[in-house]
Enquirer: 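Below you will find the structure I want to go over with you.
Throughout, a chain's letter reflects where its sequence line sits, starting with A, and its residues are numbered from 1.
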2 protein chains.
Amino acid sequence: MLNKNITRVLIVEDDEIIRESFVSLINSSESFLCIANYDTCEAAIKNLSNDTPQIILMDIGLPGISGIEGIRRIKKVYPKIDILVVSVHDEDEKVFDALCAGASGYLTKNINPEKLLNSLVEVLKGGAPMSTNIAKMVIRSFQISSESPLTNRETEVLQQLARGKSYTMIADDLHINKETVRSHIKNIYQKLNVNSKAEALDKASKDRLI
Amino acid sequence: MLNKNITRVLIVEDDEIIRESFVSLINSSESFLCIANYDTCEAAIKNLSNDTPQIILMDIGLPGISGIEGIRRIKKVYPKIDILVVSVHDEDEKVFDALCAGASGYLTKNINPEKLLNSLVEVLKGGAPMSTNIAKMVIRSFQISSESPLTNRETEVLQQLARGKSYTMIADDLHINKETVRSHIKNIYQKLNVNSKAEALDKASKDRLI
DNA sequence: AATAAATCACTCATTTTGGGTGAGAGCAAA
DNA sequence: TTTGCTCTCACCCAAAATGAGTGATTTATT
């Protein structure tokens with residue numbers, strides 16, 4: 001049967017113009033079928049068991065429950081559905097929240113039609129399509145800021161702290177004395193202008209120091 | 001002048017066949033010039049101040065100092081050089097180590113010539129090219145394993161622990177009693193078969209539980 | 001010579017941690 | 001309905017960890 005080779009796509013997008021254009025684009029391809037489209041997550045979730053999509057194109061800035069929360073809820077019940085974010089938002093927080101919530105990819109809305117279709121294909125192949133700027137953000141998230149005020153040793157110590165190690169364990173790992181670890185941590189706290197482990201790690205993750 | 005628009009590319013790759021094929025490929029493009037190629041990081045680093053490449057194609061499995069360590073050392077002295085990994089290795093550890101060390105992208109060697117050149121262009125545009133499988137690994141690294149033995153609440157508690165919070169702070173954040181936090185943590189330790197924060201976080205990061 | 005980085009020492013009060021043992025309430029599946 | 005899971009809270013206890021203070025020495029690098 002022909003239908004067996006058609007991938008069922010669902011669209012959640014509150015802007016009608018954009019939504020319609022996505023529907024047309026999806027249906028213009030022989031490989032994909034837009035089986036439904038909604039302007040809220042609530043509506044989408046309600047009909048999910050009937051719609052049975054394989055891929056969902058999801059907007060982030062939605063009325064009612066957000067796209068992020070929508071991803072979380074959908075993945076909880078239907079972990080196999082691939083959710084591809086298509087959003088104008090490219091702020092760190094939104095992007096990483098969406099990925100943590102279970103998105104299979106993240107595209108920004110300036111994407112051209114051909115690339116969007118390619119991304120759907122890539123998702124089917126188990127890939128993780130990302131727009132250029134998103135890929136950059138994601139890769140950068142692994143790297144320490146070049147403007148870190150911390151020395152190499154201090155960074156090492158802070159990384160170990162982040163792994164829940166005690167001063168003693170850190171000392172053993174780095175083959176230095178516990179007092180030295182204490183000294184480094186005191187300097188770290190001073191440089192970051194904090195006075196506890198939790199504050200230091202908070203600042204460190206925000207400023208990509210570790 | 002014509003040279004102003006040509007991007008200087010350096011290759012570090014120990015396999016002569018592959019290295020030569022990369023050189024040919026790069027030089028077949030009008031936009032790129034392979035200004036040098038080496039079979040070790042040591043040799044590359046030694047001549048880096050003369051070669052002044054804008055992009056380095058870097059292998060991972062090299063004799064002498066590894067590609068990972070090479071990236072670290074080069075980025076330390078020349079943070080502006082983009083280093084694009086081209087490797088047969090696609091194990092989690094290698095990939096994430098390379099990204100953490102400062103790689104601007106990561107391609108696996110089965111990549112076709114056209115895509116490799118495209119990736120170079122993408123790097124120049126400030127992007128972060130990744131092979132499909134690598135992108136998948138990277139995105140997955142943000143997501144919690146579906147086979148986590150922990151409950152939602154336990155996961156929350158463990159995430160807070162990872163941020164260096166004390167039981168008291170966690171209790172405040174989750175609006176529960178400190179004793180409840182202790183109880184959750186005891187259960188977490190039992191489920192993960194550990195008996196300290198450090199061990200729990202170690203296992204959690206290895207098994208993607210947080 | 002001066003500065004930064006990394007190393008180590010000792011005191012002190014307060015918190016934190018991990019182990020043990022136990023228990024009640026809500027909920028869902030069997 | 002009973003069993004099991006989840007989340008919640010309580011109290012005891014000893015050992016360990018933490019943060020603040022106040023130092024010092026050594027090794028590079030500029």
Enquirer: Of Asp51(A), Leu84(A), Asp82(A), Leu48(A), which is the lone residue that meets side chain to side chain contact (heavy atoms under 4.5 Å, CB included) with Ile56(A)?
Expert: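 Exactly one candidate clears the test, Leu48(A).
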
Enquirer: Which is the 5'-most and which the 3'-most nucleotide of DNA chain C that has an atom under 4.0 Å from a heavy atom of chain A?
Expert: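 Answer, 5' to 3': dA5(C) to dT11(C).
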
Enquirer: Between the axis at one end of the helix from dA1(C)-dT30(D) to dA30(C)-dT1(D) and the axis at the other (five pairs apiece), what's the angle to 10 degrees?
Expert: 60°

Enquirer: Go nucleotide by nucleotide along DNA chain D from the 5' end; which of Met169(A) and Ser183(B) gets its closest nucleotide reached first?
Expert: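 Final value for this comparison: Ser183(B).
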
Enquirer: Can you list the residues that meet the side-chain hydrogen bond (donor to acceptor under 3.5 Å, both in side chains) rule with Lys165(A), with sequence neighbours excluded?
Expert: Gln160(A), Asp173(A)

Enquirer: Taking any atom under 4.0 angstrom from a heavy atom of chain B, which nucleotides of DNA chain D are the first and last to qualify, 5' to 3'?
Expert: dT6(D) to dC12(D)

Enquirer: Are more than 12 heavy atoms, taken from residues, nucleotides or ligands other than Arg153(B), located less than 6.0 Å from that residue's CZ atom?
Expert: yes

Enquirer: Report yes if some heavy atom in the side chain of Asp59(A) is under 4.5 Å from a heavy atom in the side chain of Ile11(A); otherwise report no.
Expert: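 Asp59(A) vs Ile11(A): side chains apart.
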
Enquirer: In terms of the nearest nucleotide of DNA chain D, which residue is placed more toward the 5' end: Asn177(B) or Arg182(A)?
Expert: Asn177(B)

Enquirer: Scan Thr180(A) against the nucleic acid and name what it touches under 4.0 Å (heavy atoms): base, sugar-phosphate only, or nothing.
Expert: base

Enquirer: Would you please name every residue forming a side-chain hydrogen bond (donor to acceptor under 3.5 Å, both in side chains) with Asn187(A), sequence neighbours left out?
Expert: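 side-chain hydrogen bond (donor to acceptor under 3.5 Å, both in side chains) list for Asn187(A), sorted by chain: empty.
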
Enquirer: Assign Thr168(A) to base, sugar-phosphate, or nothing according to its heavy-atom contacts below 4.0 angstrom with the strands shown.
Expert: sugar-phosphate

Enquirer: Can you list, by residue number, the residues of residues 189-210 of chain A that have a non-hydrogen atom closer than 4.0 angstrom to DNA chain C?
Expert: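 Hits under 4.0 Å, by residue number: none.
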
Enquirer: Counting only heavy atoms not in Arg72(B), do more than 12 fall under 6.0 Å of its CZ?
Expert: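 Enclosed.
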
Enquirer: State, yes or no, whether a side-chain contact exists between Tyr106(B) and His89(B) at a heavy-atom distance under 4.5 Å.
Expert: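 Yes - at least one pair of side-chain heavy atoms lies under 4.5 Å apart.
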
